[in-house]
Each structure stands twice: as structure tokens, then as C-alpha cells.
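Start at 1 with the first residue, then count along the sequence.
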Amino acid sequence: MSELNRRDALKLLALMAAAPTFSFGCRPEEVQQAQQRRGQTQPGPDYRPRFFTEHEYRTVTVLADWIIPADERSGSASDAGVPAFIDFVMSDPLIPGLERRQTAIRGGLAWLDYQCLRRYGAPFVECSRSQQQEMLDLIAYPDVAPPEMAPGVAFFNSFRDLVASGFWSSKMGMEDLQYMGNTAVAEWKGCPDEVLEHLGLK
């Protein structure tokens with residue numbers, strides 16, 4: 001049986017109605033500053049979200065790992081602490097538009113649960129992997145998404161951008177990119193031949 005009952009479903013509708021849009025993007029410099037304020041420490045297993053409810057945080061975690069799963073190069077979004085980073089962004093008063101961000105992401109998560117309840121009889125985190133993928137396929141590709149999925153498309157686009165920003169600015173993400181930062185180069189030899197060939201410049 002789902003952990004969300006009919007009363008909870010009505011609450012979801014109220015949350016959805018509170019948000020004029022489910023878009024909650026932050027500028028790159030705001031995300032970078034938030035990551036610096038939060039620090040690079042990995043949240044432990046006892047982490048308690050500051051903004052999200054327990055259910056919302058579970059949903060954020062599962063959804064983030066759909067966007068960046070673990071692979072042979074590195075861990076998943078949750079392994080890199082992205083859900084905790086998103087929770088920080090949603091509670092950081094130094095990023096402009098705090099209330100708008102909070103309303104939008106909470107409304108988007110409610111929209112996702114409501115759609116899953118209608119289609120599968122369970123909120124997103126309680127759906128099977130195939131059901132989750134089916135739902136996400138409806139909102140992950142703006143050019144082909146059905147018109148009635150427009151609120152979910154706006155939410156997922158904003159969420160995906162925030163997950164990517166959180167991951168690639170994390171210690172794990174930078175290691176995955178093999179980012180070296182500002183390091184001294186003894187001698188600049190120009191662009192490697194193989195890169196020039198690939199670009200058709202040689």
C-alpha cells in the first residue's frame with residue numbers, strides 16, 4: 001500500500017496550485033557560491049534535510065540518481081552528496097528568490113507524485129524502475145513531450161540543471177572531469193595534433 005493516502009493526494013494538489021511555475025533555476029555563479037558556502041564535506045548517513053520533508057528528500061535522491069547514475073568512472077549524484085546540496089540551495093537565503101525556489105521545487109515534486117499516483121497508484125519513489133523511467137520519459141525531452149506534461153517538463157529541466165551543477169562542482173564530479181584547476185604549465189605546446197585532426201583543422 002502507498003504511504004500517500006487520499007488526504008495526502010489533496011495536499012499534493014494544494015502544493016501544485018501554490019506554484020505559478022515549476023521552474024526554479026539558479027545562475028551558475030549562485031550555484032558555485034552555494035557550493036563554496038556549503039563546503040565539500042560529504043553528508044553522513046544521519047543527514048537531516050533542512051528544507052525537504054523526509055518523503056521529498058527520498059524523491060530528490062532517487063530522481064537525482066536517475067539523472068546521474070553511478071558508472072565505471074564515478075559514483076552517482078547521491079554518492080556525490082547532490083541531494084544534500086539541493087537541500088542547501090533550497091534553504092540558502094543568500095541566493096535570490098528563496099521563496100520562489102522553494103514553492104517551485106515543492107510544487108514540481110508534488111506534480112510528479114500526483115502523476116504517478118494517477119498512473120500507477122503509488123508516488124514516484126514507490127513505483128517500479130520501469131514505471132519511473134516511463135514517467136521520466138514523458139518529461140525529459142521537451143521537443144517531444146505531450147503538451148499536458150508541460151509543468152513536469154519545466155520542473156525536470158530545472159531539476160536536471162541543478163543536479164548537474166551540484167555534481168560537477170562536487171569533489172567527485174571534478175575528479176570525474178579530471179579537472180586540475182589553475183596549475184602552472186612549464187611550456188605551452190599548442191593544441192594537440194589529434195585534437196586539431198578531430199576538428200578538421202589539420
Side-chain angles (χ1 to χ4, degrees), residues 22-98 101-102 104-113 116 123-133 135-137 139-142 152-183:
F22 299 148
S23 178
F24 50 87
C26 298
R27 297 197 308 270
E29 60 270 23
E30 293 171 344
V31 170
Q32 183 179 14
Q33 290 164 5
Q35 190 72 280
Q36 290 170 350
R37 284 192 295 274
R38 174 179 170 262
Q40 292 290 336
T41 55
Q42 288 291 91
D46 298 329
Y47 178 79
R48 293 287 176 263
R50 298 162 59 174
F51 167 69
F52 293 116
T53 66
E54 183 179 341
H55 174 78
E56 287 170 341
Y57 192 70
R58 284 180 58 210
T59 305
V60 165
T61 301
V62 172
L63 194 53
D65 282 348
W66 267 105
I67 293 169
I68 301 184
D71 60 17
E72 65 280 358
R73 285 175 60 98
S74 64
S76 67
S78 63
D79 292 330
V82 172
F85 172 72
I86 294 174
D87 182 60
F88 181 85
V89 167
M90 290 301 149
S91 57
D92 183 358
L94 297 181
I95 301 177
L98 177 64
R101 283 198 318 279
Q102 291 178 338
I105 196 168
R106 186 157 271 160
L109 292 170
W111 182 92
L112 183 63
D113 271 345
C116 289
F124 181 76
V125 292
E126 295 181 21
C127 290
S128 67
R129 291 278 297 175
S130 61
Q131 289 170 337
Q132 290 176 352
Q133 181 168 4
M135 183 68 241
L136 295 180
D137 282 345
I139 60 176
Y141 308 102
V153 171
F155 163 72
F156 189 76
N157 279 345
S158 290
F159 190 87
R160 178 171 46 201
D161 289 348
L162 194 52
V163 168
S165 298
F167 183 82
W168 299 117
S169 62
S170 71
K171 185 173 184 292
M172 179 182 291
M174 286 189 278
E175 288 174 352
D176 185 278
L177 288 173
Q178 299 179 357
Y179 177 68
M180 298 173 62
N182 293 329
T183 56

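- Side chains of Phe52 and Ile86 form a contact here, defined as non-hydrogen atoms less than 4.5 Å apart.
- Here Asp92 contributes atom CG and Phe85 contributes atom CZ; the two are 9.0 Å apart, rounded to the nearest 0.5 Å.
- In this structure Arg48 satisfies the side-chain contact (heavy atoms from CB on, under 4.5 Å) test with no other residue, sequence neighbours excluded.
- A donor-acceptor distance shorter than 3.5 angstrom exists from the side chain of Tyr57 to the backbone of Ala84, with no hydrogens or angles considered.
- Between the side chain of Ser158 and the backbone N or O of Phe155 there is no donor-acceptor pair closer than 3.5 Å.
- Using a 4.5 Å cut-off on side-chain heavy atoms (C-beta onward), Leu112 and Phe159 make no contact.
- Ile67 places a side-chain heavy atom less than 4.5 Å from the side chain of Phe156.
- When every heavy atom of Thr61 is checked against every heavy atom of Ser78, the shortest pair comes out as CG2-CB, 3.8 Å.
- Counting all heavy atoms, side chain and backbone alike, Ser74 lies closest to Phe167 at OG-CZ, 3.6 Å.
- Here the options are Val62, Leu63, Asp65, Val60, the test is side chain to side chain contact (heavy atoms under 4.5 Å, CB included), and the partner is Pro83; only Val60 passes.
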>> I'd like to know whether Asp79 forms a side chain to side chain donor-acceptor pair (under 3.5 Å) with Ser76, so could you lay out the CA-CA distance, the side-chain angles of the two residues, the decisive distance to 0.1 Å, and finally the verdict.
In response: CA-CA 5 Å; Asp79 292 330; Ser76 67; 3.1 Å; yes
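- Heavy atoms only, all atoms of each residue included: Gly166 and Val82 are closest at C-CG2, 3.8 Å.
- The shortest non-hydrogen separation linking Leu98 to Pro93 is CD2-CA, 4.1 Å.
- Distance CZ/Phe124 to CZ/Arg58: 11.5 Å, rounded to 0.5 Å.
- Gln102 places no side-chain N or O within donor-acceptor distance of the main-chain N or O of Ser91, the cut-off being under 3.5 Å.
- For Asp87, the side chain to side chain donor-acceptor pair (under 3.5 Å) partners at least two apart in sequence or on another chain are Tyr47.
- Among Arg101, Arg50, Glu56, the single residue meeting the side chain to side chain contact (heavy atoms under 4.5 Å, CB included) criterion with Met90 is Arg101.
- The shortest non-hydrogen separation linking Trp66 to Gln133 is CH2-CB, 3.6 Å.
- Residues forming a side chain to side chain donor-acceptor pair (under 3.5 Å) with Gln131 (at least two apart in sequence, or on another chain): Ser128.
- Taking all atoms of both residues into account, the shortest heavy-atom contact from Cys116 to Met135 is SG-CG, 3.8 Å.
- Residues satisfying the side chain to side chain donor-acceptor pair (under 3.5 Å) test with Asn157, not counting sequence neighbours, are Arg160.
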